[in-house]
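Letters A, B, ... are given to chains in the order of the sequence lines, protein chains preceding strands, and every chain is numbered from 1. From a predicted model like this one, the values you see are computed outputs, not experimental measurements.
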Amino acid sequence: MDDRARQLRRRLRACSCEAASTLGKRLRGETGSLRELEAAVRRAELRASERRAAAPRAALDLSLPIAAKAEEIEAALRERPALVVCGETGSGKSTQLPLICLRAGRGLRGLIGHTQPRRIAARTISRRLAEEMGVELGREVGFKVRFDDSTNPRTYIKVMTDGVLLAELRRDRGLLAYDTIIIDEAHERSLNIDFLLGYLKRLLDRRRDLRVVVTSATLDPEKLSRHFDGAPVIEVSGRMYPVEVRYRPPESGAEVEPTRPIVDAVEEAAALGPGDVLVFLPGEREIREATAALRESGGAAAKGAEVLPLYARLSAADQLRAFQSHERRRIILATNVAETSVTVPGVHYVVDTGLARISRYGSRSRVQGLEIEPISRASADQRAGRCGRVADGVCIRLYAEDDYQHRVLFTDPEIVRSNLAGVLLRMKALRLGEPREFPFVDPPSPRRIRDAHDALVELGAIDAEGKLTEIGRELATVPVDPRLGRMILAGASEGSLREVLIIAACLASRDPRERPLEARDRADAAHASFADPSSDFLALLRIWEESRRQAAELSARKYRKWCGDSFLSWRGLREWEDLHEQLGRIVRGLGYRQNDKPAGYDAVHQALLAGLLGNIGLRGERYEYQGAHGAEFFLHPGSGLFERKPRWVMAAEMVRTDRPYARMVAGIRPEWLETLGAHLLERSYSTPSWDDRAAAPVVVERVALYGLRLPSKRRVLYGQINPAHAREIFLRQGLVEGAFRPHADFVEHNERMILETRRLEAKARRRDLQGEAGARFDFFDRRVPAHVWSGKSFDRWRHKAEAQHPRLLFMCEQDLIVWAEELPSEVAFPDAVQIAGDRRELEYHYEPGEPDDGVVLQLPLAAFADLDEAKLDWLVPGLVRDRAVEMLRGLPKEQRRAIGPVPSVVEEFLASGPDPALPLVTSLASFVGRSKGIEIRAADLRARAVPGHLRPKLVVTGPDGAVLAEGRDLLELKQRVSGEVEDAINAGQSEVPPRGGEVLGLWRGADLDDRPLFRGGGHGIPGDH
DNA sequence: AGGGTTTTTT
């Protein structure tokens, strides 16, 4: 089987790339019997031999310069995976390269794919190829552009736009339909081209049979060669006439009108002889000014000449005038259209201002910039070359030679100066991994990639980790800018798909509204009839509906006339319709239905907003708007909202020309931003305040989007935002200060505490309410769990806790027991633990009878070493202290003397003295004893230090040695004891009056009557009188 | 208070 399979695979590889891939997989996986597979291979071989036999003969046009290099190219195609053909205009590379590939035996196992940057070029080149080969277009040679596909199974050479090839990647990751790919005009370095160049580099590692030919007109083919691991570079000479370049820099110091040098240069050119003059200018406004200047100059050149503007937005008819032959001399004032997209025939002279508007996406501002820049040397050369196509030419540059020499070699490729959201989305959808690892010829900066990432997050296309979401997956199937795609998807969910499809299709194609230079006012008036004062998008909808209505009612000829009268481009409208239809098909494929009922303003504009969240603005003091991230912008004067200026707007486009402008604008409601931009909202909160009805702290929440504050305000439970802080406030204001009044016993107790403290404070002066409140805050803080921050959650927790330990937690009497439980842990002594630097531990052991029994207290030694009176609270805090005092009051004098001041107890302990924890243990035991009606005397209680760690154990005995309670599990013990305590309380046997004040210490060897127990008071134990 | 280079996408 192995040998046989290997042989079949070999045979397959000779057939077709697709068959080799699909059948090869079956062979490897051994799906199907060998016999079946063999039959499949034979069928593939038959198809392959038919294809070979039917291959068209390709005769080269030997008059073209590239023919001289045909053999060299063929050899390279056989030996190397990639090659770079560097050819000037007129070298014939676009038509001859596919033919050379065919001669080299390419195009049999798969198509020869040939990409062009523009649709029109793809069409004309395929037509010329078919002519030269003497075949019918749409058979051996086909083309495929958006909306139009003429290829079929018999096609060998497929000419297409690079966008088409890119789109095919989604279905054909390995580009198995092709065995050769020619990327023509790679020097234009569009986003599409750069993406393809990166993708093909990777693909060549996987597909050894694939050949890639890249053509470039650049001065620097080495870069592309390096990209393809040292691909051979084959230079082909062009067939151009020499162009003389003259430099006419502006004279320094002389103040002249900006149009003066242009007029002078045109005069100079015209004086050289007959022939048309092509002037390159950066934009429409400059064209307008130069036109006026030339007409007014009255110079010899202008007099007999026809001055024509040429730029992309010009109406088709006006553009055509530049191409029609004419007897008079023509002076064509053009933008960059004439540099690559359009070739003006018969140009003998070029005047180059050296300027162009270049689109650059501003990373910081997130606005597309469109500012006038000096062009690159490559661009200047291309402009000069425009007059060497028919005869010797002269190019007059309105800048110095030195200036030219110092300019950048090439215009930055698009990938480093545009918004990469679409590219990133495509990479995610194709699962191409990390963008920074993708082999771009010129890698975009990490910042650009992050911007693109943010943009996709804004659209909900990827999540925070960068993973494609469901929305993202759908967006990747819609062939428009992701923002427009997002509108469409939102339209589907808002019930406004019908309207949004129309609007998005228009935004994706060129605006059909025409505005000829000399009829701008009339055009504006015609367009005004469609305008809406609150939405420019509605104007598009009206144009669409009116145009559809007219098309249905009028004859084709009359409809065209209506288009002209309305200053609408017939071709533009067609493009819009085509795109609308295509998008409609795709959306239907995704399972979305267009709404039958017309959607209202809100439904339409909320859908649009879903794609334009980054382009919102709030009207400022004057005419400007505050945009995202603190940017400022102005409404474009062409907007229907220009007069009215709604408070909140969104814009389809933000472009910086002379100033930042928002184009295509509509008013929005800020509430929409809260729902549509929920994933982007920035929230801020006021200072929390107590709310009686909520029985919890609340805050006022304000939201902002990209730094723009939305008007809405909401009251929010503070605990939902900052539970820890909310809890602190709840404890302090709600529980300690009593703003929250639950139905519980401890409330009354608290109140008595406060009253008592106030009374004492008046007496003691030095003890303030705050200090006492602090103690009580600690009391609650130790008990109330972290998730409780409101009256509601407090009650819920308390009821549960009290069901388990009835009345335990918040009856002051139980304090002692809870506290005893906490003693061994660090909870009761947070400060003490913090003070403990050296971590030596002391263990205190209550030993009523046998050794090793009793309460073991683990306290850091250092805590004791540092202990001063102020820290005594940690040892005898709050209510426990009262309890201890209560107990001591009942002790005989000599027994009281047995208990010394804590600091000295520590010293004594270190000299193996008595237990400093004695008062605590004493109080505990005493309390338990009393609650059971048994008298326990302090003298009965002993404590000693025990080295090493002992498991905490509590044994409470009475004076007769009877064990009242014991256990190592303190929790369990506590429950047992507490039950007993509760019984005692219920029986009215234990009534502990709550007390405030501060116990300074329990003094050993001192008479309680001599030494004040209360700081500053000097009156002995409270309640004594 | 006042106006934009260009191209492309199953």
Side-chain angles (χ1 to χ4, degrees), chain A residues 115-122 144-149 151 160-172 177 185 188-193 195-196 280-288 310-314 334-342 355-360 368-373 375 379 411 414 417-418 422-423 425-426 429 475-482 484-485 505 508-511 513 515 517 520-521 523-524 575 578-579 582-583 585-586 589-590 622-625 634-639 642-643 645 653-664:
Chain A
T115 74
Q116 285 294 319
R118 281 163 290 276
R119 278 189 268 176
I120 181 134
K144 183 175 174 190
V145 296
R146 190 175 213 174
F147 315 129
D148 209 348
D149 183 357
T151 59
M160 65 200 127
T161 51
D162 35 40
V164 165
L165 186 62
L166 214 43
E168 286 183 358
L169 276 181
R170 281 196 52 235
R171 288 202 164 180
D172 184 5
E185 318 282 3
E188 288 197 18
R189 303 292 306 276
S190 65
L191 277 184
N192 287 351
I193 287 171
F195 190 89
L196 281 173
F280 282 101
L281 294 148
E284 215 176 298
R285 181 201 287 176
E286 290 77 13
I287 289 175
R288 197 165 61 233
L310 177 62
Y311 50 92
R313 252 178 56 87
L314 206 61
T335 62
N336 256 354
V337 248
E339 195 179 298
T340 44
S341 305
V342 153
L355 299 172
R357 278 193 190 270
I358 307 273
S359 149
R360 285 182 192 277
Q368 182 197 5
L370 207 49
E371 283 164 289
I372 296 174
E373 291 184 17
I375 58 171
S379 187
T411 312
E414 222 181 325
R417 56 183 170 85
S418 35
V423 173
L425 179 68
R426 175 172 275 147
L475 274 189
T477 67
V478 187
V480 288
D481 180 281
L484 302 183
S509 46
R510 196 178 294 161
D511 193 330
R513 285 171 285 197
R515 209 160 169 264
L517 279 187
R520 286 181 5 242
D521 295 343
D524 286 350
E575 178 87 8
D578 286 344
L579 187 53
Q582 186 195 20
L583 293 177
R585 213 169 40 238
I586 288 163
L590 288 171
R622 298 173 338 140
Y623 319 108
E624 81 288 359
Y625 277 78
F634 299 86
L635 292 196
H636 194 273
S639 166
F642 192 70
E643 300 294 328
K645 294 190 178 46
E653 263 185 317
M654 296 279 193
V655 182
R656 186 181 176 85
T657 51
D658 293 338
R659 309 156 84 185
Y661 282 114
R663 268 198 65 220
M664 275 288 179

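- In terms of position on DNA chain B, the residue among A/Val145 and A/Pro282 whose nearest nucleotide sits closer to the 5' end is A/Pro282.
- Counting only heavy atoms from C-beta on, A/Val337 has its side chain closest to B/dT6 among B/dT6, B/dG2, B/dT5.
- B/dA1 has its base stacked against the ring of A/Phe642, the centroids being under 5.5 angstrom apart at an interplanar angle below 30°.
- Applying the side chain to side chain donor-acceptor pair (under 3.5 Å) criterion to A/Arg510, with sequence neighbours excluded, gives no partner residue.
- Judged by atom type and distance alone, A/Gln368 reaches the base of B/dT5 through a side-chain donor-acceptor pair under 3.5 Å.
- Taking the side chain of A/Arg659 as heavy atoms from C-beta on, and the options B/dT9, B/dG3, B/dA1, the nearest nucleotide is B/dA1.
- Candidate nucleotides B/dA1, B/dT5, B/dT7 were compared by shortest atom distance to the side chain of A/Ser359, and B/dT5 ranks first.
- Distances were taken from every side-chain heavy atom of A/His636 (C-beta onward) to each of B/dT9, B/dT7, B/dG3; the shortest belongs to B/dG3.
- Residue A/Glu284 has its side chain nearest to B/dT5 when only B/dT9, B/dG2, B/dT5 are considered.
- In this structure, A/Asp149 and A/Thr151 approach most closely via the heavy-atom pair OD1-OG1, 2.7 Å.
- Considering only the side chain of A/Ala167, B/dT9 comes nearest among B/dT6, B/dT8, B/dT9.
- Of the candidates B/dT7, B/dG2, B/dT9, the closest approach to any side-chain atom of A/Tyr661 belongs to B/dG2.
- In terms of position on DNA chain B, the residue among A/Arg426 and A/Arg515 whose nearest nucleotide sits closer to the 5' end is A/Arg515.
- With sequence neighbours excluded, the residues forming a side-chain contact (heavy atoms from CB on, under 4.5 Å) with A/Ser190 are A/Asp162, A/Asn192, A/Ile193, A/Glu414, listed by chain and number.
- For A/Arg119, the listed nucleotide lying nearest its side chain is B/dT9; candidates were B/dG2, B/dT7, B/dT9.
- Scanning both residues, A/Thr411 and A/Ser379, for their nearest heavy atoms gives OG1-CB, 4.2 Å.
- Comparing atom distances between the A/Arg118 side chain and each of B/dG3, B/dT5, B/dT7 picks out B/dT7 as nearest.
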